[in-house]
Number of protein chains: 2
Amino acid sequence: MAPTRRYDPERRQRIIDAAIRVVGRSGIAGLSHRSVAAEANVPLGSTTYHFKTLDDLLVAALRQTNEGFAKVVRERGGALADPDCDLAAELARLTGQWLDGDRAGVELEYELYLAALRRPALRTVAAEWCEETAALLTHRTDPRTARALVALLDGICLQVLLTGGRYDEDYARETLARVITPSG
Amino acid sequence: MAPTRRYDPERRQRIIDAAIRVVGRSGIAGLSHRSVAAEANVPLGSTTYHFKTLDDLLVAALRQTNEGFAKVVRERGGALADPDCDLAAELARLTGQWLDGDRAGVELEYELYLAALRRPALRTVAAEWCEETAALLTHRTDPRTARALVALLDGICLQVLLTGGRYDEDYARETLARVITPSG
DNA sequence: CAACGATGTGTACCCTCGTACACATGCAAT
DNA sequence: ATTGCATGTGTACGAGGGTACACATCGTTG
């Protein structure tokens, strides 16, 4: 009776949530079927049943965390849709809020995203993220410029995260503005 | 006698080289004192003696691989010094050669670089790489623009590597040119 | 209601890992 | 020559990991 807690329809989702917490705390290196099982409070066999490999679990986790930046944009980036606002300034501001708001969450999101470098299984999800983020900007710019803006923001954020430096909003705004400037 | 091969002054360097080969083949996840020892053909105790932790080994490896892009610039980027050459076009061309030339080497270099996200010990080295790469450009632009160019190149390369997409040299050239364009 | 398949549980096997430590060796300083 | 220290070697231990598998449970289908 008691020892078996049956029928848990949200088991799979709880395991994904637990995996995200584990990666946030210990990094991908600390992710194992056992560590996830402990965090999710389920037996070992349950995690291996729902996710045959850790890559499967990482794919599910990345899909879920990809929402991070988009969420900030949705909640506090309403001005982006306004054709009169300064796009570069608004993007620089939102990025600053994202980086300063939940640094641990940002690192987690990037760690999963960057893991695609060595895990082909994650590439599809990483590509989706790029496209979705660029899509947030296509109401204001052409697709080519949108892609460039995403690349530049990625590069700027990475340098902050990798070198431990500070985010310089003025510098970001000015550089973004150069990319936005219509070339002809 | 035979079993003990004494006095190997290059032992430390050979271990670093072996570590780089291991990471290139199996990723950082496949790096262990044992795998390095096997690759370098030295006993286990020797690797733990020279590098107390794997982080120490990674720092040494990153310092050595950081040379990758700089090497391409030195060997085939002579035109960068010429004030008459098209800086954006030349950068885009060199980056293309780097990406297409030795993709495995590029992935290796980036994997070590990106590892700084979760390993504070690597941040100093990552920061040095950014500065040195930017320094390659300061003969042609101001430091601020140089930093922006490095960030943009980083972002463009990352998107290619993470999404499995193709490198578009024309797109890179045009975007780089926008950043170079003097703002006033 | 009987059989079946999807889901959940518990355990055991074998592997690899980091670490520690005792011992061997050879250079350098005295 | 003796001492001391850096370097090199070999082994053992305990922790933790992926995987496999036998069994339990419950909804569904006929």
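In this text, all values refer to a predicted model and were calculated from it rather than measured experimentally. Naming: A, B, ... by sequence-line order, numbering from 1 per chain.
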Quick one: Tyr49(B) OH to dG26(C) C1', roughly how many Å, whole number? 13 Å
To the nearest angstrom, how far is Arg11(B) atom CZ from dG26(C) atom P? 13 Å
Distance, rounded to the nearest Å, where His33(B) contributes NE2 and dG8(D) contributes C1': 15 Å
Tell me what Ser35(A) touches on the nucleic acid: a base, only sugar-phosphate, or nothing, going by heavy atoms under 4.0 Å. nothing
Taking atom P of dT7(D) as reference, at what distance in whole Å does atom CD of Glu10(B) sit? 15 Å
Short N-O contact, Arg178(A) and Glu174(A), less than 4.0 angstrom: yes
Separation of atom CG in Leu58(B) from atom P in dG18(C), rounded to whole Å: 11 Å
Would you mind classifying the nucleic acid contact of Leu44(B) as base, sugar-phosphate or nothing, using non-hydrogen atoms under 4.0 angstrom? base
Going by heavy atoms in the side chains, are Leu31(A) and Leu58(A) under 4.5 Å from each other? yes
Nearest-angstrom distance from the residue atom CG of Asp56(A) to C1' of dT19(D): 15 Å
With nearest nucleotide decided by heavy atoms, which residue, Ser32(A) or Gly45(A), maps closer to the 5′ end of DNA chain D? Ser32(A)
Distance, rounded to the nearest Å, where Lys52(A) contributes NZ and dC21(D) contributes C1': 11 Å
N or O in side chain of His50(A) less than 4.0 angstrom from dG8(C) OP1/OP2: yes
Once the angle between the rings of Phe69(B) and Trp98(B) is folded into 0 to 90°, is it parallel (under 30°), tilted (30 to 60°) or perpendicular (over 60°)? perpendicular
Is the closest basic N to carboxylate O distance between Arg14(B) and Asp17(B) below 4.0 Å? no
Could you tell me how far apart Arg34(B) (CZ) and dT11(D) (P) are, to the nearest whole angstrom? 13 Å
